[in-house]
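Working notes for the structure below.
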Amino acid sequence: MASFYLASLCIMLLIKFSVTFASGNVVSNKLEKTCIDGVTIALSFGLYLNSCPEAEAIIFSWVESAVSQDPRMAASLLRLHFHDCFVNASHILFLPSFLLCVNKYFPCLIFMLNIFQGCDASVLLDDTSNFSGEKTAGPNLNSLRGFEVIDNIKADLEYACPQTVSCADILAIAARDSVVLSGGLGWQVQMGRKDSLTASKTAANNNIPGPNSNVATLVTNFQNLGLSLQDVVTLSGAHTIGKARCATFSSRLNNNNNAGVRNSEMNLDFLQSLQQLCSANNNTTLANLDDMTPSTFDNHYYVNLLSGKGLLVSDQVLATGDDDNTREIVQNYVDDPSLFLEDFKNSMLKMGSLPPPTGTNGEIRVNCRVIN
């Protein structure tokens, strides 16, 4: 009976957590509590001030060095954090399992919580004999980069303060630093995540939005994490920096296959320039996601969308698809650049607060590529 009450309490807290995120409210307290495995944990600001006071300076130094050598690395490190956090099963999946358990409530709750990975550095794990890692999933294969930068950061942190700073926290802090070094706003990163003990190639394939997604698909992927339609548009603004391969936007080159982009609003000159760029049938050729200011974190990504210059289908549909709500948000960010920067900061805090593992479901890895 005690297990039943404990499980019920965790479920209520998780429901409250989901409703809060879905409503678009940003947690502003210094401490955010999450119930996992019957244990209440907290992400907090300034967690390493005493245990590893140089942690953020070490991370920033490595990110700064990497970005100075390769400006594209800022987008790559930001993307690592995105793809790490998005590998989750929908939190509503626990309901049928819970009801089927009858007299075994608590084991079922644990099963559900193991599915809900959150921002846990699972994306950094190499394949093992026990699981296929997320690096070889469709959205990540030959696409994700920056793993060596994370390795260098972790090595320095292990020398300064062994097994103190998690790989998941490194990803969150490096993402923030990448935005700052590209001209965006900074924010205090909540810390205290644990690193996962496994990874899921299947979950990565199923949950990370694809480059040809329409608005409905994007909204579903985001809502499965408790993120809102506004978060869809806001976090898509990360594409104001970085590049993409021809293979990821090949459908933009086909006027009859633009996944919901209105034909009347296509920028034919822009599409022709992409066709010329990719004419050599080399799918690895790169194009800037933001053609105006490709290495600067600003609102020009949204200006491009209104001009029909979104590189990916999943970008362009936000402005010229069938959803007037997303177009209105895009217009707001075009009209007010500071609004985008502030909203992006808040949406990153929301995404970065997705429940990480804790206790027996998590650890502080010594090497981010393998479990201890």
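Note that the coordinates shown come from a computational prediction; the quantities given were computed from them, not determined experimentally.
- In terms of hydrophobic clustering, with Ile, Leu, Val, Met, Phe, Trp and Tyr side chains grouped at heavy-atom distances under 4.5 Å, Val366 and Leu124 are assigned to different clusters.
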Exercise for review: I would like to know whether Leu80 and Leu144 meet side-chain contact (heavy atoms from CB on, under 4.5 Å); could you show each step before the answer?
Suggested key: CA-CA 7 Å; Leu80 271 180; Leu144 285 187; 3.9 Å; yes
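- Each of Leu141 and Leu125 belongs to its own hydrophobic cluster when Ile, Leu, Val, Met, Phe, Trp and Tyr are linked at side-chain heavy-atom distances under 4.5 angstrom.
- Val233 places a side-chain heavy atom less than 4.5 Å from the side chain of Tyr302.
- Note that CD1 of Ile150 is 5.5 Å distant from CG of Leu77, once rounded to the nearest 0.5 Å.
- Of the possible polar contacts, one joining the Ser182 side chain to the Ser178 backbone as a donor-acceptor pair under 3.5 Å is found.
- Side chains of Asp324 and Glu328 form no contact here, defined as non-hydrogen atoms less than 4.5 Å apart.
- Among residues two or more places apart in sequence or in another chain, the side chain to side chain contact (heavy atoms under 4.5 Å, CB included) test is passed with Ser51 by Tyr48, Thr164.
- A distance of 3.5 Å separates SG in Cys278 from CZ in Phe249, rounded to the nearest 0.5 Å.
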Practice item. Show your reasoning for whether side-chain hydrogen bond (donor to acceptor under 3.5 Å, both in side chains) applies to Ser251 and Asn212. Key: CA-CA 7 Å; Ser251 62; Asn212 294 319; 2.6 Å; yes
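- Taking the side chain as every heavy atom from C-beta outward, Val313 and Asn214 never approach each other to under 4.5 Å.
- Between Asp298 and Thr296, the side chains place no donor N or O within less than 3.5 Å of an acceptor N or O (distance only, hydrogens not considered).
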Compile the donor-acceptor pairs under 3.5 Å between side chains in residues 53-64 and protein atoms, sequence neighbours left out, one pair per line.
residue	atom	partner	partner atom	Å
Glu56	OE1	Arg176	NH2	2.7
Trp62	NE1	Asp156	OD2	2.8

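- Taking the six-membered ring for Trp and thresholds of 30 and 60 degrees, Trp187 and Phe344 have ring planes more than 60 degrees apart, a perpendicular arrangement.
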Exercise for review: Apply side-chain contact (heavy atoms from CB on, under 4.5 Å) to the pair Asn221 and Leu227, showing each step before the final yes or no.
Suggested key: CA-CA 9 Å; Asn221 286 130; Leu227 299 172; over 6 Å; no
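- The pair Asp120-Arg193 does not meet the salt-bridge criterion, since no charged nitrogen lies less than 4.0 angstrom from a carboxylate oxygen.
- Taking a 6.0 Å sphere around CG of Asn50, one finds it holds 12 or fewer heavy atoms contributed by other residues, nucleotides or ligands.
- Under the 4.5 Å side-chain contact rule for hydrophobic residues, Phe270 and Leu277 do not share a cluster.
- A distance of 12.5 Å separates OG in Ser122 from CD1 in Ile371, rounded to the nearest 0.5 Å.
- Summarising the geometry of Val87 relative to Ser200, their closest heavy-atom pair is CG1-O, 4.1 Å, with the distance given to 0.1 Å.
- With hydrogens and angles disregarded, a donor-acceptor distance shorter than 3.5 Å links the side chain of Arg365 to the backbone of Ala121.
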Exercise for review: Give the C-alpha distance, both sets of side-chain angles, the deciding distance and a yes or no for salt bridge (Lys or Arg N to Asp or Glu O under 4.0 Å) between Asp70 and Arg145.
Suggested key: CA-CA 12 Å; Asp70 176 11; Arg145 54 200 297 272; 2.7 Å; yes
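- Counting heavy atoms from C-beta on, the side chains of Glu134 and Lys201 never come closer than 4.5 Å.
- Annotation: ring pair (Phe, Tyr, Trp, His ring centres under 6.0 Å) contacts of Phe222 (sequence neighbours excluded): Phe86.
- Of all the heavy atoms in Lys350 and Asp231, the pair that sits closest is NZ-OD2, 2.7 Å.
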Practice item. Begin from the C-alpha positions of Lys309 and Asn267 and carry the test side-chain hydrogen bond (donor to acceptor under 3.5 Å, both in side chains) through to its verdict. Key: CA-CA 7 Å; Lys309 291 185 176 182; Asn267 187 320; over 6 Å; no
Exercise for review: Walk me through it: do Asp335 and Gln331 pass the test side-chain hydrogen bond (donor to acceptor under 3.5 Å, both in side chains)?
Suggested key: CA-CA 6 Å; Asp335 295 339; Gln331 184 66 61; 3.0 Å; yes
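- Among residues two or more places apart in sequence or in another chain, the salt bridge (Lys or Arg N to Asp or Glu O under 4.0 Å) test is passed with Lys135 by Asp126.
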Exercise for review: Carefully, step by step, assess Leu311 and His239 under the rule side-chain contact (heavy atoms from CB on, under 4.5 Å).
Suggested key: CA-CA 9 Å; Leu311 186 64; His239 287 172; over 6 Å; no
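- Side-chain atoms of Thr240 do not come within 3.5 Å of backbone N or O of Gly237 as any donor-acceptor pair.
- Side chain of Arg327 to backbone of Asp322: no donor-acceptor contact under 3.5 angstrom is found.
- No side-chain donor from either of Asp127 and Ser132 sits under 3.5 Å from a side-chain acceptor of the other.
- Among pairs with a residue in residues 172-226, none fulfils disulfide bond (SG atoms under 2.5 Å apart), at least two apart in sequence or across chains.
- Val179 is not listed as a side-chain neighbour of Ile241, based on a closest heavy-atom distance of 4.5 Å or more.
- A pairwise comparison of heavy atoms in Val330 and Ala319 identifies CG1-CB, 4.3 Å as the closest pair.
- Of all non-hydrogen atoms in Gly186 and Val180, the two that sit nearest each other are CA-CG2, 3.5 Å.
- Side chain of Ser143 to backbone of Asn140: no donor-acceptor contact under 3.5 angstrom is found.
- Using a 3.5 Å distance cut-off with no hydrogens or angles, the side chains of Gln275 and Ser279 do not pair a donor with an acceptor.
- Legend: residues meeting salt bridge (Lys or Arg N to Asp or Glu O under 4.0 Å) with Arg79, ordered by chain and number and at least two apart, are absent.
- Of all heavy-atom pairs spanning Thr217 and Ser213, the tightest one is CG2-OG, 3.9 Å.
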Practice item. Run the numbers on Leu318 and Ser236 for side-chain contact (heavy atoms from CB on, under 4.5 Å), then give the verdict. Key: CA-CA 9 Å; Leu318 300 177; Ser236 294; 3.7 Å; yes
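- Between Lys194 and Ser166 there is no side-chain heavy-atom pair separated by less than 4.5 Å.
- In this structure, CG on Asp195 lies 6.0 Å from SG on Cys368, to the nearest 0.5 angstrom.
- For Ser44 (side chain) and Leu47 (main-chain N/O), no donor-acceptor pair under 3.5 Å exists by modelled atom type.
- Distance check: Glu342 CD to Tyr333 OH gives 10.0 Å after rounding to the nearest 0.5 Å.
- For the residue pair Asp290 and His300, no side-chain donor N or O sits within less than 3.5 Å of a side-chain acceptor on the partner.
- With hydrogens and angles ignored, the 3.5 Å screen pairs a side-chain donor or acceptor of Ser314 with a backbone N or O of Pro211.
- Between His81 atom NE2 and Asp169 atom CG the span is 9.5 Å, to the nearest 0.5 Å.
- For the pair Gly192 and Leu43, the tightest heavy-atom approach, listed with the atom from each and the gap, is C-CD2, 3.7 Å.
- Here the side chains of Val165 and Ile364 are not in contact, with every heavy-atom distance at 4.5 Å or above.
- Thr202 and Asn205 are not linked by any side-chain donor-acceptor pair at a separation below 3.5 angstrom, with hydrogens and angles left out of the test.
- Transitive grouping of hydrophobic side chains (ILVMFWY, heavy atoms separated by less than 4.5 Å) brings Met292 and Leu341 into a common cluster.
- By the 4.5 Å heavy-atom criterion applied to side chains, Val232 and Thr326 are not counted as neighbours.
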